[in-house]
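In what follows, a structure is listed as structure tokens, so that the remarks can point back to it.
These numbers come from a predicted model, not from an experiment. All residue numbers in this chain count up from 1 along the given sequence.
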Amino acid sequence: LAQARCLPFKRSQAIVVGAMGVGIGSISKELMLACRQLGQVVSQTLAALVASTVVNPDTGGFWVERTLDEGEARAVVESAASQLVQNEEPSIACLRLQAAYEAAFADHEQTTERAKGDAKVAEDSTVSHIANFTATFNEDFDRLTALYKMIYRLLLLKCTGPEVASKVPTDPTVEREVAAALESVFPRVGLRSFVALTGPEKIAQLQELAGIVLGIRLFNQHQGKGGAGLPPAEQPSDRLEALALLELVQKEAEEVGDVCQAYADVIVAVGKYSKREGTWNTLPSEAELERARSDLLYNRQYLCYLLNLQEDLAGGIDRLGHDEKQLGEELTDLDALVGGRVSVPKEQVYPRFDALARGYQSAWREKQALRVRTKLHSVLSDLRKQYHPELPQSAKELLERVAQDRDKFLADEEDLDEHTDLETRSVDGTFGVVRLTVENCPDFLQLPLDFQGFCIHTLVTQSRLLVPGNPAIGVMKYLGRHCVFANERACLDFFAEPDKYFAGVREVCYQHPELIHLLRLHEDFPRSSLQGIVKVLASSPVVMQADAGTETPLHFEESKIDKNYEWNEWRLRTEALHMADIRKKTTSATQTALSHLKRESETQVYLPKEVATNTNVERGTNPPRWSKYYVGLRGEPQKMQVAEIKLDL
């Protein structure tokens, strides 16, 4: 596993059959078509994930770990299609859960990034034009007016909403508000000093100007005098909805956690009761036990997603509350500062407007993130309705027996661990494994746990039983990975043969590929990584085919129509006889005075030379110019006089 972890990540290319073989993109499209023919509609992400985890019986690994030819790709499609048809299989349900959640998350990220990219292109083009504008103080009025219009356009992009818009809005009310704020903060007379700045200084000034204008519009909205087109700055309903969702997710996480604990208790109890004398008659069968192990993996994955949503919601609600509190304080301070006064010193009020705009944008981003988490929870809820595993009746009866014998079970576990002594083990890495504890590791609480914090000892030794590890025992560091285990006996076994358990995890993942994403083993299985598959499919989206029809003209190019085409056979016969008769005639010509057969002739002449005369005396005339001026038209009343002035030029 450690060797596979060091392999470089190589993304599969969605190509047709060629020198590079068949890519996962082409296989997923063929698999979608095959499933559709079988009456099963699957997403491309799920098809690619299942196809990338089909095991090659000859090598024991996945087919996609090497280059595939057309025949091997067809075998992968057939095997994956047979798996996808089995909807009630826990492994397929878990893969469907992973593919749907990650694809929904990736779609939201791509939509956001695409919108940000379009807005950034529009903003960068305008900012670049303004920053590269150079002029002297003698620049004409038209060019400075064009620069002012570009600044106004930039503000329309940045100050009409919490995020930068990709297109200039056309609402006249918004345009008037932005124009009034711009004229108040940055009048036209300031253009000459602005033009004299350098490019980075202009960009910094533009960013500050946009923040101040947005803050002015928010303050006007707070006072009920403007802010058209801006979402309300203070909207407690969003936070209340997020709190209700957080409470629901916490409750659901507790329920799923109890279900996971029940599955784990049943699996462990079956092993203990089967070894005792007087075996209980109603123990679950081997098939039920095998399905319980698979259902446990499904519930563990579902619980992981719920815990991630719970953490994101809790953090987002706290940050949103902090931002809304700051917004309220800023608006209160501005009310006290501005009040009913007509003019306020800009050194006091402009920083307040800028801070108000930053807090508003931060709160809006948190609201958008909470809305995305709400959509992701709806995706999980829909998947939960499609597949909701439950324990069989025999397992529920066994749980009641386990609850009665809880003290005896705990005594057995204490007997198992009473002879273990981890303190005698090396902590300096002499044997390769280092045990990290609170005493010898100052950053113990910040250590990143691999395998999602699950115990790989029970995963390997107890047929993929997935239970969380106990960090209080210590964190075992080996080959750059930090592992935790359920008990001290598991730690001692890992101390003895760490490579055995790493290799065992890899073998279990080959048999149950849903563990790859559940344990976050993307680097160990780069070709079967769900994150890599989502990236590949995002770069090469599937092209859906559909039947379509269209009308076409009889002749596409009019110039190709033969205007002299004749379909009548008898008329063609007549023309042929006429042409044959002409061939028997002779042609004669006579030259006359008006004939065009006269010989062409040319004549060459010599043109006369240019003649000029040069004399010793050069004379010319320079007549005087007379100008008339009227005196007495302005000033004190006096008689108008006409003055003539002679100008010698």
Does the Lys NZ or Arg CZ of Arg384 fall within the cation-pi geometry relative to Tyr302 - under 6.0 Å from the ring centre and within 45° of the axis?
yes

Atom [atom1] of [X]: over 12 foreign heavy atoms under 6.0 Å:
X: Glu247; atom1: CD; result: no
X: Arg520; atom1: CZ; result: yes
X: Glu329; atom1: CD; result: yes

With heavy-atom distances below 4.5 Å as the criterion, would you say the side chains of [X] and [Y] are in contact?
X: Thr111; Y: His108; value: no
X: Val642; Y: Tyr629; value: no
X: Phe105; Y: Arg373; value: yes
X: Met640; Y: Leu633; value: yes
X: Leu327; Y: Leu356; value: yes
X: Tyr350; Y: Val185; value: yes
X: Leu383; Y: Gln386; value: yes
X: Pro624; Y: Leu647; value: no

Taking all non-hydrogen atoms of both residues, which atom of [X] and which atom of [Y] are closest, and how far apart?
X: Glu175; Y: Pro169; answer: OE2-O, 3.5 Å
X: Arg96; Y: Leu84; answer: NH2-O, 4.4 Å
X: Leu95; Y: Val50; answer: CD1-CG2, 4.1 Å
X: Ala47; Y: Met32; answer: CB-CG, 3.9 Å
X: Gln98; Y: Glu514; answer: NE2-O, 2.9 Å
X: Ile24; Y: Ala51; answer: CD1-CB, 4.0 Å

Would you check if the side chain of [X] reaches a backbone N or O of [Y] as a donor-acceptor pair within less than 3.5 Å?
X: Ser184; Y: Ala180; answer: no
X: Ser193; Y: Gly190; answer: yes
X: Gln223; Y: Asn220; answer: no
X: Arg192; Y: Val189; answer: no
X: Glu123; Y: Leu154; answer: no
X: Ser128; Y: Ser125; answer: no
X: Asp450; Y: His482; answer: yes
X: Gln221; Y: Leu230; answer: yes
X: Ser381; Y: His377; answer: yes
X: Tyr305; Y: Leu376; answer: no

Output yes when [X] and [Y] qualify as a salt bridge under the 4.0 Å nitrogen-oxygen rule, no when they do not.
X: Arg481; Y: Asp524; value: yes
X: Arg358; Y: Asp354; value: yes
X: Arg352; Y: Asp333; value: yes

Once you round to the nearest 0.5 Å, how far does [atom1] of [X] lie from [atom2] of [Y]?
X: Glu330; Y: Leu218; atom1: CD; atom2: CG; answer: 11.5 Å
X: Ile533; Y: Thr45; atom1: CD1; atom2: OG1; answer: 8.5 Å
X: Leu518; Y: Cys94; atom1: CG; atom2: SG; answer: 6.5 Å
X: Leu33; Y: Glu30; atom1: CG; atom2: CD; answer: 6.0 Å
X: Leu214; Y: Leu209; atom1: CG; atom2: CG; answer: 11.0 Å
X: Phe219; Y: Asp335; atom1: CZ; atom2: CG; answer: 4.5 Å

Describe, in one word, how the ring planes of Tyr387 and Tyr298 are oriented to each other, choosing from parallel (under 30°), tilted (30 to 60°) and perpendicular (over 60°).
perpendicular

Consider only side-chain N and O atoms of Glu102 and His517, and report whether a donor and an acceptor are under 3.5 Å apart.
yes

Given side-chain contact (heavy atoms from CB on, under 4.5 Å), test Ile130 with Ile203 step by step and report yes or no.
CA-CA 8 Å; Ile130 298 173; Ile203 295 176; over 6 Å; no

Step by step, work out the side-chain contact (heavy atoms from CB on, under 4.5 Å) result for Arg371 and Glu366.
CA-CA 9 Å; Arg371 292 191 182 100; Glu366 294 299 335; over 6 Å; no

Quick one: do Glu201 and Thr198 satisfy side chain to side chain donor-acceptor pair (under 3.5 Å)? Show the steps, please.
CA-CA 5 Å; Glu201 291 175 344; Thr198 61; 3.3 Å; yes

Taken in chain and number order and not counting sequence neighbours, the residues that satisfy side-chain contact (heavy atoms from CB on, under 4.5 Å) with Ala228 are Thr173, Val174, Glu177, Arg217

Chi angles and distances behind the side-chain contact (heavy atoms from CB on, under 4.5 Å) call for Tyr148, Glu183
CA-CA 10 Å; Tyr148 200 74; Glu183 190 65 31; 3.1 Å; yes

Could you go through Leu334 and Thr332, starting from their C-alpha distance and side-chain angles, then the distance that decides it, and tell me whether this counts as side-chain contact (heavy atoms from CB on, under 4.5 Å)?
CA-CA 5 Å; Leu334 282 172; Thr332 303; over 6 Å; no

